[in-house]
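Input: a single structure, listed below in structure tokens.
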Amino acid sequence: MKLVGKLYLKILQAHKLCACFFYLCFPWKYLTRKPPNFYFFMANNTKYIFVTGGVTSSLGKGIISASLAKLLQARGYTVTIQKLDPYINVDPGTLNPYEHGECFVTDDGAETDLDLGHYERFLNVATSQANNVTSGRIYQSVIDKERKGDYLGKTVQVIPHITDEIKNRVRLLGKTGNYNFVITEIGGTVGDIESLPFIEAVRQLKWELGKDCLVVHLTLLPYLSTTGELKTKPTQHSVKLLLEYGVQPDVLVCRSEHAISKEIKNKIALFCNVASNAVIEARDASTIYEVPLLMEQEKLDEVVLSKLSIPVPENIDLANWKEFLHKFKNPKAEVKIGLIGKYIELKDSYKSISEAFIHAGASNDVKVKIEWIHSESITDENVTEKFKGLKGILVAPGFGQRGIEGKIAAIKYARENHVPFFGICLGMQCAVIEFARNVLGFKDANSTEMNPGTTNPVIDLLETQKKITNKGGTMRLGAYPCNVKPDTKAFEVYKKKENYERHRHRYEFNNEYMADFEKAGLIASGINPESGLVEIVELDNHPWFVGVQFHPEYKSTVANPHPLFVNFVRAAVEVAALKEKV
Ligand code: GLN
């Protein structure tokens, strides 16, 4: 054993000598790399961090993963985050928003879990198909391989075939060579039957990767108000369960309503075989954007780095993050914006939109107060009463007939009363329908999604969609170019002609009606240069009336608030101020 250890040290030393030699020969290589990457060059390995959850679901593994990633990024490292979801759907694209909230879409057209939205908003780095893998996708590729004969002669089993496939998907991101760290969040709670193959894959990877791998386990310390105590037993049990599966967590992050004393940390450490400085307190925060700072105070990043034998760089650059947080927590004014949708019972259905409003509010020094309004509750008769006090109206994306007439009534109100309006995807399509009905006089104008027999299909199925029968992954998905016309509101917003935005829809503005619309004042101000599809419409005689066929909310991040949201919020504030003066 000693001999093996000595040999390992010798190899490591030789490795480091080679690294030093390399930098002596090519010093500019050192200069072009940030110092932390130097250490990675020395070690030459991507580090894998797994984040599991215990005790209950909804403890915020996504936010903890994103916060740890943010801290590592702020220390100069490159990081990506991946989510493994144990359900059988191949992706969440076919799920009703009531199930798991919004479906987030990546540049490369993957329909993914909403946690990927958090990863992008925190890191300002785009994710991709490889960042979200479900059991369904794993099984599908194993079964496809079996049908092709790749396992010929072998019995295909959960172990090793499913677990190998999981492991490949984890290592795939590391193999790109783009990241110092790959953080993999395992969906669900330890003990769920369906997440067992994932935990087994973690066990195997931990064994194979050795010092390049680490497990962070997130648990809950419930507070008993009768005795005024934080209880550690559920955490102990959940770690025992992990141990039963052969996984020893290295770091425990404990959600708690109250401060965790040194004694409790020591007790957890003792019962769970974890160093006491690796028991991290995660107090309830007033906003998710505070969590990275709380984790920094608790030294989560430092503990992780030292456990992975990586030097902790002195500098941590969180200046912009702190500035954003300060602005968000200290707004100079409040602006009320109506969000019109039909899934509002579950606010997570519009997660990226509400987060984009947070970014846009902070950059305008205001708090955006979202008034959630159910589209089914709006009629031409009650809209004036309902919308009292709203300084802007956003009509949300959606599918199907339910709630459509309420959205159209909301848009009519915004158009006629010069209230800033922002329509996203279905919201834009409804704006086109409303204009066709009430301005152009096409009384039965509609989308063929809602009324396939309409005589005025101003929104129609994309040509490429007509032969499609499968629902999963078949929409117009991912980033497409959008060229913005000069002298339009859209150009004022983007300040450049060529832009890329993410899509998720089957229906589209019907170009046969373009001349009618433009003559009457609804302008197509953004066009896809390849297909000629209309991507943005706007009104020319309105303070701010913009509909977009794409989803700008997916691209809004803390570092880069989306200009459409920023501009819309600014318009809401300014138009309201002007109206007050009159
Ligand atoms: N249902 C519309 C379509 O498929 C809009 C989709 C959406 O709002 N994401 O085109």
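Order of appearance sets the numbers: ligands from 1, and atoms from 1 within every ligand. A quick note: this is a predicted structure, and the numbers were derived from the prediction, not measured.
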query: Charged N to carboxylate O under 4.0 angstrom, Lys342 versus Glu376?
result: no

query: Charged N to carboxylate O under 4.0 angstrom, Lys83 versus Asp85?
result: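 Yes, charged N to carboxylate O under 4.0 Å.
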
Val419 and Val575, any side-chain heavy atoms less than 4.5 Å apart: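 No; the side chains remain at least 4.5 Å from each other.
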
Under a 4.0 angstrom heavy-atom cut-off, which atoms of ligand 1 come close to [X]?
{"X": "Phe399", "value": "1 (N), 4 (O), 6 (C), 7 (C), 9 (N)"}
{"X": "His505", "value": "3 (C), 4 (O), 6 (C), 10 (O)"}
{"X": "Tyr507", "value": "3 (C), 4 (O), 10 (O)"}
{"X": "Glu449", "value": "1 (N), 2 (C), 3 (C)"}

field: Sub-4.0 Å heavy-atom approach of Met475 to ligand 1
entry: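 Met475 does not count as a contact of ligand 1 under the 4.0 Å cut-off.
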
- prompt: Does Gln429 come within less than 4.0 angstrom of ligand 1, counting non-hydrogen atoms of the residue?
  reply: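 Gln429 counts as a contact of ligand 1 under the 4.0 Å cut-off.
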
message: Can you give me the closest heavy-atom contact between Val125 and Gln73, atom names plus distance?
response: CG2-NE2, 3.8 Å

Heteroatom proximity flag, [X] to ligand 1, N/O under 3.5 Å:
{"X": "Arg506", "value": "yes"}
{"X": "Leu426", "value": "yes"}
{"X": "Gly398", "value": "yes"}
{"X": "His551", "value": "yes"}

- request: Report yes or no: is the cationic atom of Arg476 (NZ for Lys, CZ for Arg) closer than 6.0 Å to the six-membered ring centre of Tyr480, at no more than 45° off its axis?
  value: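 Because its charged atom sits under 6.0 Å from the ring centre and within 45° of the axis, Arg476 does stack over Tyr480.
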
query: Where does the angle between the aromatic ring planes of Tyr289 and Phe328 fall among parallel (under 30°), tilted (30 to 60°) and perpendicular (over 60°)?
result: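 Because their plane-to-plane angle is over 60°, the rings of Tyr289 and Phe328 count as perpendicular.
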
message: Would you call the rings of Phe387 and Tyr413 parallel, tilted or perpendicular, taking 30° and 60° as the class edges?
response: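 Ring orientation, 0 to 90° scale: perpendicular.
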
task: Tell me, with the steps shown, if Asn330 and Lys327 meet side-chain hydrogen bond (donor to acceptor under 3.5 Å, both in side chains).
output: CA-CA 5 Å; Asn330 301 284; Lys327 283 175 146 221; over 6 Å; no

Identity of the nearest option to atom 7 (C) of ligand 1, non-hydrogen atoms only, from Ala396, Cys425, Ser447, Gly427: Cys425

query: Given that the side chain starts at C-beta and the backbone is N, CA, C, O, which of these parts of Arg504 lies under 4.0 Å from ligand 1, counting heavy atoms, or is it both or neither?
result: backbone

